[in-house]
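From a predicted model like this one, the values you see are computed outputs, not experimental measurements.
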Amino acid sequence: MPNRRVWWRIALSILLALVSALPLPVPSRAATSTTADPRDFYGMVIRDPWYEFNTDPERYPLQVNWTFVDTMLAGVADVGARWIRFEFHAEYDQPQGSGWIDWAKYDPLVNQLAPKYGFRLLALLSSGILADVDPSYHFFHINDAPDASGRNAYTRAFVSRAKEIVDHADDAISAYEIINEPNANLILHQETAGATKAVDPVIYGQLMVDLYQTVKPAHPTVQLVLGGMLVEQEDPTGYLTWFQAVVQSPAVQSFRAQHGHNPWDAIAIHPYSLANFSAASVLAAVQQLHNLQQQYGDASPIWVTEVGMPADAPYWNDIKIMDPTPSELAQANFLRDVYTGLHQWPYVAHVFWFKYEDFGEGDQEAHWGLVHLRDSMLHYAREATPWPRKVAYFVYQSLANPSAVPTAPVPPPTNPGPDVRYFPETGHTVRGPFLQYWQQHGGLAQFGYPKTEVFFVAGRAVQYFERARFEYWPEFRGTPWEVQLGFLGRYALQGRVFPRQPAPDLNLPPDPNRRYFPETGQYVQGPFLKYWDAHGGLAIFGLPISGELQEMNPADGKVYTVQYFERARLEYHPEFAGTENEIELGLLGNQVLRTLSWYR
């Protein structure tokens with residue numbers, strides 16, 4: 001047969017094509033950049049550990065909920081991001097001064113969890129690093145009139161706190177972004193009642209010079225990133241004007257004259273384009289920034305440290321297969337077009353998606369994430385279990401980490417052992433309880449070949465086969481219900497409901513070839529009933545949810561008599577009458593995997 005990896009690539013391209021009528025090619029990063037690791041291009045904005053303090057007081061009293069953080073990072077690593085972006089926050093428990101950094105809220109992330117998953121860290125140093133319980137540290141003081149040296153009390157305190165953070169991390173953090181959206185800062189806008197939203201570019205230029213001269217001598221490999229400039233809908237070129245003023249500021253000009261480069265290692269942009277979420281406008285904003293850099297001889301790379309688009313996840317259901325919402329498809333298209341477009345430009349070093357998870361924002365939900373977290377509405381659950389993933393998660397993973405997509409073939413295990421079986425026909429492995437169940441309940445004829453590796457849906461391990469989805473239920477370990485089959489039949493009916501049939505007349509003798517199921521009001525009869533009884537009955541197929549129908553089989557285009565059950569579709573093949581193939585199970589696993597609804 002053709003190489004399974006070729007078939008997988010074909011299948012993957014078909015799925016991506018489902019996201020858009022005009023799928024774009026994915027260019028090779030190696031052809032356009034000197035980045036050694038292709039995944040280095042991909043970043044993700046995560047929930048700051050600071051916010052997880054005491055969210056699980058039973059397991060982590062007066063500590064960060066590190067189970068949440070670990071689970072979140074495992075998901076971010078699986079989707080393929082190499083970089084993660086988080087923010088430092090000072091503590092707000094002192095009435096005077098600039099607060100203090102509680103390192104216990106950050107050190108496990110920086111020194112243990114990030115290395116565990118191979119992440120590189122971008123830390124945001126913004127207004128939060130100076131606690132503002134003391135009014136003298138309100139953020140608007142950054143624009144206080146500077147003295148003759150170009151500094152003021154706030155910028156001096158900011159540089160001192162930044163040095164403290166960098167020295168403490170000791171190069172474990174690769175890069176620092178200096179002030180979030182300094183050209184259009186929300187906190188500055190709020191504190192000044194709308195009078196000011198931009199950090200004075202002259203003051204900001206001096207701040208970058210001071211940080212560079214303070215940090216770089218002791219930490220030459222640490223990268224300092226000019227804070228992500230927001231592309232605003234009402235002022236779409238304002239970020240360019242602000243950046244130009246920073247470049248032209250006296251401190252930056254003096255530094256450049258002495259050192260031959262600007263006092264930053266990269267510049268960041270947040271090209272949200274909130275008007276219409278157009279990928280083309282995102283690319284245009286980045287291109288305009290690059291053009292301006294060239295005018296001033298600034299060769300530093302561009303980092304897109306936030307870009308995103310919200311999307312409503314579908315309502316949860318017990319089938320755990322959910323068709324995409326229109327906004328999900330739009331988000332997936334946007335993500336694909338932004339990443340493939342920016343990927344072609346070597347001067348764009350990293351692109352961070354905002355963000356990994358949906359989150360609460362005031363009394364509203366903000367649906368910017370690639371996943372919704374189980375049990376989370378306006379507040380986070382204590383474990384960061386995705387439920388559901390959105391279609392954009394699949395698209396991001398297909399670009400950044402395609403070998404992790406569950407349908408991607410895997411190499412044979414080196415030492416399989418008796419509880420592991422590899423299927424070269426599809427390039428997938430079945431092991432442990434799933435293999436035992438497969439072997440004991442009909443094997444290939446009953447379930448077909450495996451079509452995915454094991455992955456998790458709502459925290460439960462599942463694996464797709466041609467005709468079924470296996471689900472592992474550890475709470476029933478050691479019982480016949482340890483492995484159960486998913487409700488693929490219910491999904492395949494796509495909401496079709498069939499009227500209940502009248503119950504049989506109890507005054508008449510029962511028909512041994514026909515059985516009524518009062519739970520659903522349907523009959524099963526003849527060859528279908530014989531097959532249902534002989535091949536596992538209720539446990540394997542579930543209850544009947546339709547009568548006998550005439551339907552076209554999508555696999556061969558022929559019309560057959562079929563009947564739907566909760567977990568399967570039985571098909572009558574008259575050409576095989578009298579043989580073991582007279583009744584066959586429909587390829588519902590394959591049918592579901594052709595949609596964008598299974599990877600939840």
Side-chain angles (χ1 to χ4, degrees), residues 16-27 41-45 85 180-186 189 194 197-198 227-243 267-292 302-314 323-345 348 350-359 361-362 364-372 390-396 398-399 596:
L16 283 170
L18 288 173
V19 181
S20 173
L22 295 173
L24 297 177
V26 180
F41 180 72
Y42 297 91
M44 189 73 65
V45 179
R85 177 179 180 259
N180 190 57
E181 298 171 355
N183 67 306
N185 186 273
L186 178 61
H189 189 261
K197 62 182 178 181
M229 295 169 283
L230 179 64
V231 181
E232 297 182 280
Q233 176 182 348
E234 63 274 15
D235 186 10
T237 61
Y239 72 105
L240 299 173
T241 303
W242 185 87
F243 176 66
I267 63 174
I269 183 174
H270 295 175
Y272 279 107
S273 300
L274 297 177
N276 54 12
F277 292 103
S278 161
S281 64
V282 169
L283 301 182
V286 175
Q287 181 69 66
Q288 288 172 346
L289 180 58
H290 176 64
N291 292 342
L292 185 58
I302 293 175
W303 294 25
V304 179
T305 53
E306 287 187 27
V307 66
M309 177 181 182
D312 296 326
D323 292 336
T325 65
S327 62
E328 268 193 283
L329 296 177
Q331 182 193 51
N333 277 327
F334 177 79
L335 184 150
R336 182 209 55 201
D337 292 346
V338 165
Y339 271 89
T340 54
L342 294 175
H343 206 265
Q344 302 176 70
W345 295 339
V348 179
H350 314 290
V351 180
F352 292 74
W353 182 260
F354 183 87
K355 61 196 299 271
Y356 175 67
E357 82 291 348
D358 288 348
F359 56 96
E361 192 172 56
Q364 301 290 325
E365 279 191 283
H367 298 148
W368 294 83
L370 297 183
V371 302
H372 193 86
K390 300 179 188 177
V391 175
Y393 182 102
F394 163 71
V395 174
Y396 189 111
S398 299
L399 297 172
L596 291 168

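Across all their heavy atoms, T305 and F352 have their closest contact at O-CB, 3.3 Å. For the residue pair P324 and L329, the shortest heavy atom distance occurs at CB-CD2, 3.8 Å. In plain terms, the two heavy atoms of H270 and E181 that are nearest each other are ND1-OE2, 2.8 Å. Residues K355 and V45 share a closest heavy-atom pair of CB-O, 3.3 Å. Of all heavy-atom pairs between N183 and G228, the closest is OD1-O, 4.4 Å. Nearest heavy atoms, S281 versus N276: OG-OD1, 4.1 Å.
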task = Check the pair E365 / H372 against side-chain contact (heavy atoms from CB on, under 4.5 Å), numbers first and verdict last.
result = CA-CA 10 Å; E365 279 191 283; H372 193 86; 2.9 Å; yes
message = Applying side chain to side chain donor-acceptor pair (under 3.5 Å) to E232 and Y239, what does each step give before you reach the verdict?
response = CA-CA 8 Å; E232 297 182 280; Y239 72 105; over 6 Å; no
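The CH2 atom of W345 sits 4.5 Å away from atom CD of Q287, with the distance rounded to the nearest 0.5 Å. Interatomic distance, K197 NZ to D235 CG, rounded to the nearest 0.5 Å: 6.0 Å. Atom OH in Y42 sits 13.0 Å away from atom NE2 in H350 (nearest 0.5 Å). Here the CG atom belonging to L596 is positioned 6.5 Å from the CZ atom belonging to F394, to the nearest 0.5 angstrom. Distance check: N333 CG to M309 CE gives 8.5 Å after rounding to the nearest 0.5 Å.
The aromatic rings of Y339 and W353 sit tilted, their planes meeting at an angle between 30° and 60°.
A 4.5 Å side-chain heavy-atom check between H343 and L399 finds every atom pair outside the cut-off. Proximity of K390 to L370: side-chain heavy atoms (C-beta onward) are nowhere separated by under 4.5 Å. You'll find the side chain of Y272 reaches within 4.5 Å of the side chain of L230, heavy atoms only. Using a 4.5 Å heavy-atom cutoff, the side chains of M229 and L289 are in contact.
None of V231, L240, L283 except one satisfies the side-chain contact (heavy atoms from CB on, under 4.5 Å) rule with Q288; the exception is L240.
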